[in-house]
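Being a predicted model, the structure only gives us computed values, none of them experimental. Both ligands and their constituent atoms are indexed starting at 1 by order of listing.
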Amino acid sequence: MTSLAEALSYFTSTYLWTGAWLAIQISALALVIGLAMGLGLALMRMSALRPVRMLAWFYIWFMRGTPLLLQLVFIFDALPLIGLTFDSFTTAVIGFSMNQAAFAAEIIRGGILSVNPQQAVAASSLGMGPVLTLRRIVLPQAMRAILPSLANETISMLKMTSVASVIFVNELTFRAQQIVGQNFKFFTVFAGAALIYLLLTSVISGVQTVLERGMDPDLRARAGGRPMIFRWRKPQAGAPGPGVAVSLPASRVEAVRSLIPAAREVSVSPAGDFLSCLNVWKSYGNRDVLQGVSFSVKPGEVVAVIGPSGSGKSTLLRLINHLESVDRGEITVGGRYVGYTKVNGLMKPTSGRAKARAEVGVSMVFQNFNLFSNLTALENITEAPMRVHGVPREEAEALARRLLAIVGLSGHADHLPQHLSGGQQQRVAIARALAVKPRLMLFDEPTSALDPELVGEVLSVMRSLAEAGMTMIIVTHEIRFAGEVADRIVFFDEGVVVEEGPPAQVLDNPRKERTRRFLSRIAQNEDVPAEPV
Ligand SMILES: Nc1ncnc2c1ncn2[C@@H]1O[C@H](COP(=O)(O)OP(=O)(O)OP(=O)(O)O)[C@@H](O)[C@H]1O
């Protein structure tokens, strides 16, 4: 018998495959348990609470810093002294899981940190809670960074199961050594075992490839939004394909108007305001960014907030939506606090902020669009209606296609954000914000990140919203646009409202010297592109 034939006979040996099956079971169980524990540890490492962070850090430090072999021996030999006795197999599963958790935690944390934090902010602004955001937005994006390292870890673990022989787990390497102990045929026996390991690790590499393909957003988009692993499934009957014609009312304004909640559905403060900010203060470190801002918006009003860079305009929007908490003062939207309760006259943030935001109906459009990069344009729009407001998929998709038509992007439903221009991304972001049927829309410099030739298309959509009667606060440097669409201009400087009033007054006839200086500086630099008709 040649050496090759002999090695192949060991490769097919039932005795060795029984050991391999044990190694597979230990690795598979340790992978599942270790991943679950690793996810928990990764989240603990990123907790805002220092003791929680320290606990996770200590666990990871200890498990990574001590040899697996000693950990197994400790569980097997030392724990019985305190009455905890496990058989060899259970000890191996516990030991490998605990060890795997430490490594998986850091791999998962690295993946999560690789996702732009603004993705989570955007999800939060749509009323998505932390768990939903993690599951739908952060982890799917993080998985692309996590998967290759995780596959490495799984392969290492499968091979490392040989260490378990120290606690008498009769796995593959252990069995190969037993055969060699009897016939001294080192080369052929270990070659047969090596071929088994090679086959098993090839399966892991294959699974990695399939999962990576399944999570590739480009391939998903081409498969109509379904994971590539399910690509043989036919699209559901009745689901319109890309570029499907959607019938809209005669004008975009009419179409938007049909989406805006009726006036009677909008609750207001006793003074008739939909939004009311009262003496709001906010600091970062020693810097008072907002210094007692009082400000209100009536239903259907369009308010443009202008002012120098760094004056606190974006901060004000983030406070209104409770993406950040106020230090002092109070904010009510629709007559209620958004994720606060009043304790001894002070606003105390409560849990369930995302839910409160969704109930009140405040949507936000960001300077950098912040579309979910793992989802197509259509999925970006349907995400919050389906997952936060429980709208059935068909209804949510019909609305999303209608909104895409409103913003002039009917043919782009299955495009990923990275395949859209900046102006198109921002129009999808506006459609996404509209999909939750908001009562108030906040625009945070929506055209600042756009090339000049793309500004007009976004302003044109915003103009339609204003004409349709949407209540809006627009932080903008587009002074001419602000003058045309806003009912009121608020000039902000150094964290205070310097002056406010109708555009004709604030822009053409400012009362305050600071406003005049700002406007003349803007006039010198202004280069407003023409809007498409
Ligand atoms: N999370 C934060 N931590 C620390 N400082 C912050 C934070 N957010 C904002 N700031 C600071 O607060 C000040 C106001 O920022 P904000 O973004 O509200 O200004 P802005 O008027 O919107 O400016 P711009 O027009 O340039 O966007 C800035 O000095 C900024 O550096």
Sequence neighbours excluded, the answer for side-chain contact (heavy atoms from CB on, under 4.5 Å) partners of Thr515 is Phe491, Val498, Glu499, Val506, Pro510, Lys512, Leu519
Of all heavy-atom pairs linking Met347 and Ile331, the shortest is CE-N, 3.5 Å
Sorted by chain and number, sequence neighbours left out, side chain to side chain donor-acceptor pair (under 3.5 Å) with Asn152 holds for none
The answer, listing residues by chain and number that come under 4.0 Å of ligand 1 through any heavy atom, is Tyr284, Arg287, Val289, Pro308, Ser309, Gly310, Ser311, Gly312, Lys313, Ser314, Thr315, Arg318, Glu445, His477
Residues pairing under ring pair (Phe, Tyr, Trp, His ring centres under 6.0 Å) where one sits in residues 334-381, two or more places apart or in two chains, turn out to be His322-Tyr340
So, Lys355 and Glu359, do they make that salt bridge, N to O below 4.0 Å? yes
Rounded to the nearest 0.5 Å, the CD1 atom of Ile522 sits from the CZ atom of Arg517 at a distance of 13.5 Å
